[in-house]
Every structure is written in C-alpha cells, then in structure tokens.
Visitor: 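Here it is, the structure in full.
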Amino acid sequence: MTLVTEEDRCQLAAPGSRDSSLEYSYDCRSKEDFVESMEPAPFGLMEPPRRSRGRLLMHATLMFGREFCYAVEAAFVTPVLLSVGLPRSLYSLVWLLSPMLGFVLQPIVGSSSDRCRSRWGRRRPYILALGLLMLAGLTLFLNGDAVVSAIVKERTLKRTSAIVVVMFGVVLFDFAADFIDGPVKAYLFDVCSYQDKERGLHYHALLTGLGGAAGYLIGAMDWGHSALGVLLGSEYQVIYFFSALTLGIFLAVHLFSIPESPLVQVVDSDLEASMRLLGSHASGGVYGALPKDTPPSHEVRARSFSALGEANAVTPSAKQPNKEAQKRMTLKSLLLTMLNMPNHYRCLCVSHLLGWTAFLCNMLFFTDFMGQIVYKGNPYADHNSTAYLTYERGVEVGCWGLCINAVSSALYSYVQRFLLPYIGLKGLYFTGYFVFGLGTSLIGLFPNIVSTLTLCAVFGVMSSTLYTVPFNLISEYHREEEEEKLKPESESGKQEGRGTGTDCAALTCMVQLAQIIVGAGLGALVNMVGSVIVVVLSASTVSLVGCLFIVFFIRDVK
C-alpha cells in the first residue's frame, strides 16, 4: 500500500487530467497554509491511545498541588492581610479583582491554547506559565511582609508597601490558579481516549480533595514553636516552604505525565486520515486507485467530502490566514462565540454558575458562621475577652470542618464511578446539587457542633460534582459532535468548530462570575439581615434552584 504524496494530490486535481473530477475536493495549498488558516479538522482527531493509571494519576497531581495552595490561602489570607494593616473597607477588593480579571481574560487563554503552535504542545506552555505565576503569587503573599520589612525602614512607607505587595500576591495567585484549570482540563481531553477522560476527571477530583485536606492540616499545625519554624524564621515561612515544594514538584510531574503533540503534527494526522478516507471511497477499498467510472465531482463532494471541501476551499479569509486568526482572537469575537454557543452549552454554563455561587456562599463565610452562630462568639469584642476567644475557637473548628469537606470530596469522587452506570451524568449532577442544598439548609436550621461538622461532608459532594460532571458533559457533547461530523449526510461539518479549550474556559468563567456575585452581594446581605446565618440559607436556596435548572434545562448525553 502506497501513500498519496502532496505532489500526487496536485496531479490528481490538475485540470484536464484523467482525474479532474476531483478538482473540487482538493486544494494544493501547503500544510503550513492549512495550519495558518486554523480551520477545524474535517474529520476530527484520531482517537488517542489508552493511558495507564499511573499516567492519569501523574496528570492529576497538579490538582493536588493547586488545591493544597488554595487551602493555605483560605486559612491564612485573613490573618496575613490584617497583620500588615489592610483596612477592612479594602478587604472585599482583594476578592473582586482576581475574578473580574479572570472573567474578562479567561476566554482568551482558552482560545489561545486551542491555537498554540509550540513544539511542546498546545496546553503545556500555558500550564507552565500559569504555574510559575502561582508560585510568584504565593511567594509575595506569604513572604511579602518579611521582604518589605528587610528592605524598607520608614514605618509608614513600610506599611503601605507591605499592603500593596501582599494584596498583589493574593490577586496574582488567585488569577493564575483560576486560569490554570481550563488548560489542564483541555490537556486531558486532547491526549486521552474517550474511556480515559472520565477516569482522568475522577482522579482530578480525588487528588483535589486530598490536596485540600493536606493543605488544611498543614495550616492547622503550630509551626511557630517547632524546630523548622525557628530555622526558617516564622510560621508563614514554614507554610510557604511546604506549599512551594508541593506545587513545584507536582507541576513538573504533571507537565511530563502524558506527551502532547504539536498542532502541526495534529493537522498532518488529520490530512492523512482524510486522504485515507478519500482513497477508500474513490477506489472501493484499494487506497490510491480510482474507479473506471468516476462520479461527477459535485456528487463526490456532496456524499463524503463536504467538510473537507469547506476546509480546503480557497476563500478570501484563507488567503489571509494571519488576519483571520487575529480577528478570532479579539475579546469581542470570543464573547460572541460564548453567547452564540449551542443552547445545551449555554445551559451548562448557567447551571455551573448557580452551583459555584451556592458553593462559594457557604465556603467563603463558613468559618465565620462557625464562630458567630455555632459557638456564639463575637469577632468585634476585645481580643482578650471570652467572646472573642470563643469566636477564635469556632474558626479553628470551622477549619477542621473544611478539612472534612476536602476528605469527603476525595471519597465521593471515587463513589461517582459506581453511581455513574446507574444514574448517568445528569443524575450525578442533580444529586450533587440536591445533597448540598439539603445539607446546608439543615446546618442553617439546626446549628450545633456535632450536626454541623457531620454535615460538612455534603460540601465535598458538591465540590467533587463541580470539578468533574460539567467537564465530563462537555467531553460527551464534543464526542457527539465529532461522531455527527463523520456521518456523510450530516451538515454539521460545514459549521465552524470550537476547541475544548474555549468551552472549558467558558465554564471556568462562571467560577469567576460567581466570585464576583458572592463578593459583591453576600456581604451586603449579611449586613442587611444582621446575622451570618443568611449565608448557609442563601447557599441552600441557590443550590436547590440549580437542581430545578438541571432537571429542566440540562441535556443528558446519549
């Protein structure tokens, strides 16, 4: 069996030749022109090989490192910011800056990674850059005060500089940690077969839960009086040492977990697959041969090669590929793409927004809820008073509750694999929202120590659901679209394709939007009601609304 070369293809399409019936099916542009035009591959990528459990676990290690650092931030962001003298009026600004930037820029990162032509692959350059930004933000966040104190001596300038450096570190870390999720998920989808994508997402959720639990445990220990604390200088430096070491090692393991093909090689594979399909149709089974009675060119195009013809047609945009690619990379076009996406994708984004809004309502204020409502402490009392010490005790117990949440998230990610064959992805989606809504409502109605800590397990059910099911649905939707494109009678091959990076980024944008909604609105709601109990009740209400939305608007996979 011989392959048809580029020169042979041009000869096949030459006018006046015996095979001129195929002149509309092929274009003699080079592969570089095809790559530059950035048109979607007509027949989809060939199925990647199956990956071993070890490779999938290596790929998921970054989620452990990221969630470890997230837990450290959640445990220490308030004491660090207050210790450097940040006014309470600016505290909400810290939580709003990162999600606002992420909501605007997240689609650009996802779309850019879809079109990245690095020799190292499409996703890994972005993951490496964002991982380094996470390390930089973590460094400024936990060491900013010490660095500024060593450099600046004037008291007022030192205080202002420390506030700016620590705030910048928090925003930078949140920005990079939120952004990295989209390329990581798209990387998994690109290099794994259909069967391995589900396994990979479950490993992601498993290590996410374990990473959060480890981070909360490290933060709960008293490192200030330990030998390591004396050696490194302070408790914050010990926490930074463990966080940076964990993130750095697992980032390296993730980047070398599964090889990723450059975009040029991906297009070469698609062109070769298209040529094989052309030969099999044209010769009736003998590759490269042509039948004696060649059908009319328009009939060949209509039956099998409408997508290939559209991809290879010489249009004004194809003649100027760089300008077209640049046009698609603008923020306006990306936002229009998100707004004009198919309805089932749009509904998935809305349900993801509802889920994260409910989850963040509870998680961002849970330790405060434990201190004020469960333990009946007072954060505004004198620091040496019994009321304030009781509040601090409640906050510490709340951290243990968040640790229970992380462990239950890891365990439920394993349970999901057994539930999936029975209730499906839509059933898992509904179950996560319903269990969380019911659990948080019981916490709000019956706020005592034992029941609250026990019900913290439902937080893990919700977090595991949010980290896996929506991305699993996106993977299934893309699989259905690729299968539809392969059908000769399908018209979907004429439509412009979307990369998984853009769709994963659209989902991740909902996380940023939820942070903006919670950061801007929930504090005002607490002040209006006068009690933190409204936090868990709001989380329960939004989650139950999300249950109804899933039932009526989320499309299940075939």
Side-chain angles (χ1 to χ4, degrees), residues 55-74 76-77 97-99 101-102 105-114 116-144 168-192 200-201 203-212 214-215 218 239-260 262 467 471 500-501 504-505 507-509 511-512:
R55 290 287 183 177
L56 294 175
L57 284 172
M58 289 172 64
H59 189 278
T61 53
L62 180 59
M63 305 307 293
F64 183 99
R66 188 189 79 148
E67 202 65 22
F68 185 99
C69 297
Y70 257 144
V72 168
E73 184 201 34
F76 288 98
V77 65
L97 281 177
S98 175
L101 290 173
L105 299 178
Q106 186 77 256
I108 295 180
V109 173
S111 180
S112 299
S113 69
D114 282 335
C116 178
R117 297 172 61 188
S118 169
R119 292 183 178 181
W120 209 30
R122 288 190 287 176
R123 318 296 180 184
R124 287 189 291 178
Y126 286 85
I127 295 172
L128 175 61
L130 292 170
L132 294 177
L133 288 179
M134 286 177 62
L135 283 172
L138 197 66
T139 302
L140 296 176
F141 163 49
L142 290 174
N143 300 291
F168 181 75
V170 173
V171 172
L172 182 62
F173 174 81
D174 277 342
F175 177 83
D178 290 340
F179 264 51
I180 205 172
D181 192 54
V184 167
K185 293 296 192 301
Y187 176 21
L188 177 70
F189 294 165
D190 290 345
V191 298
C192 289
L201 287 174
Y203 290 142
H204 278 207
L206 173 65
L207 292 186
T208 294
L210 293 177
I218 291 293
I239 298 297
Y240 169 73
F241 170 75
F242 283 115
S243 302
L245 183 65
T246 302
L247 180 60
I249 291 176
F250 287 153
L251 175 63
V253 172
H254 170 83
L255 291 174
F256 291 98
S257 59
I258 303 176
E260 187 183 9
Y467 278 122
F471 296 98
T500 55
C504 290
L507 269 187
T508 312
C509 276
V511 182
Q512 272 89 53

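Keep in mind the model is a prediction, meaning the values are calculated, not measured.
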Visitor: Can you tell me how far CZ of Arg66 sits from OG1 of Thr61, rounded to the nearest 0.5 angstrom?
Guide: 13.0 Å

Visitor: Show the nearest heavy-atom pair for residues Leu138 and Ala244, with the distance to one decimal.
Guide: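 Distance-wise, the nearest heavy atoms are CD2-N, 4.1 Å.
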
Visitor: Under the side chain to side chain contact (heavy atoms under 4.5 Å, CB included) criterion, do Tyr467 and Leu206 qualify, and how do the steps go?
Guide: CA-CA 10 Å; Tyr467 278 122; Leu206 173 65; over 6 Å; no

Visitor: Side chain to side chain contact (heavy atoms under 4.5 Å, CB included) for Leu62 and Ile180? Distances and angles first, verdict last.
Guide: CA-CA 10 Å; Leu62 180 59; Ile180 205 172; 3.8 Å; yes

Visitor: Could you state the interatomic distance from CG (Leu130) to CG (Leu135), rounded to the nearest 0.5 Å?
Guide: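 Answer rounded to 0.5 Å: 11.5 Å.
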
Visitor: How far does CG of Leu201 sit from CZ of Phe471, to the nearest 0.5 angstrom?
Guide: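 Output value for this atom pair is 8.0 Å.
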
Visitor: Examine distances only and state if a side-chain atom of His59 and a backbone atom of His254 form a donor-acceptor pair shorter than 3.5 Å.
Guide: no

Visitor: Would Val184 and Leu188 satisfy side chain to side chain contact (heavy atoms under 4.5 Å, CB included), going step by step from the backbone distance to the final call?
Guide: CA-CA 6 Å; Val184 167; Leu188 177 70; 6.0 Å; no

Visitor: Rounded to the nearest 0.5 Å, how far does CE of Met134 lie from CG of Asp174?
Guide: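 Going from the CG atom of Asp174 to the CE atom of Met134 covers 9.5 Å.
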
Visitor: Apply side chain to side chain contact (heavy atoms under 4.5 Å, CB included) to the pair Leu247 and Phe68, showing each step before the final yes or no.
Guide: CA-CA 8 Å; Leu247 180 60; Phe68 185 99; over 6 Å; no

Visitor: Can you tell me how far OH of Tyr187 sits from OH of Tyr126, rounded to the nearest 0.5 angstrom?
Guide: 16.0 Å

Visitor: Would you please name every residue forming a ring pair (Phe, Tyr, Trp, His ring centres under 6.0 Å) with Phe173, sequence neighbours left out?
Guide: Tyr70

Visitor: Are the side chains of Glu67 and Leu210 in contact, using a 4.5 Å heavy-atom criterion?
Guide: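 When only atoms from C-beta onward are counted, Glu67 and Leu210 do not touch, as no gap falls below 4.5 Å.
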
Visitor: Drop me the distance from Ile239's CD1 to Cys69's SG, to the nearest 0.5 angstrom.
Guide: 11.0 Å

Visitor: Between the main-chain N or O of Leu255 and the side-chain N or O of Arg124, is there a donor-acceptor pair closer than 3.5 Å?
Guide: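 Judged by distance alone, yes, a pair lies under 3.5 Å.
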
Visitor: Please examine the side chains of Phe241 and Leu142, heavy atoms only from C-beta on, and report whether any two atoms are closer than 4.5 Å.
Guide: no

Visitor: So do Arg123 and Val191 actually touch side chain to side chain, heavy atoms under 4.5 Å?
Guide: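 Not touching, per the 4.5 Å side-chain cut-off.
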
Visitor: Quick one: does any side-chain atom of Thr246 pair with a main-chain N or O of Ser243 as donor and acceptor, under 3.5 Å?
Guide: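 Side chain of Thr246 to backbone of Ser243: no pair is present.
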
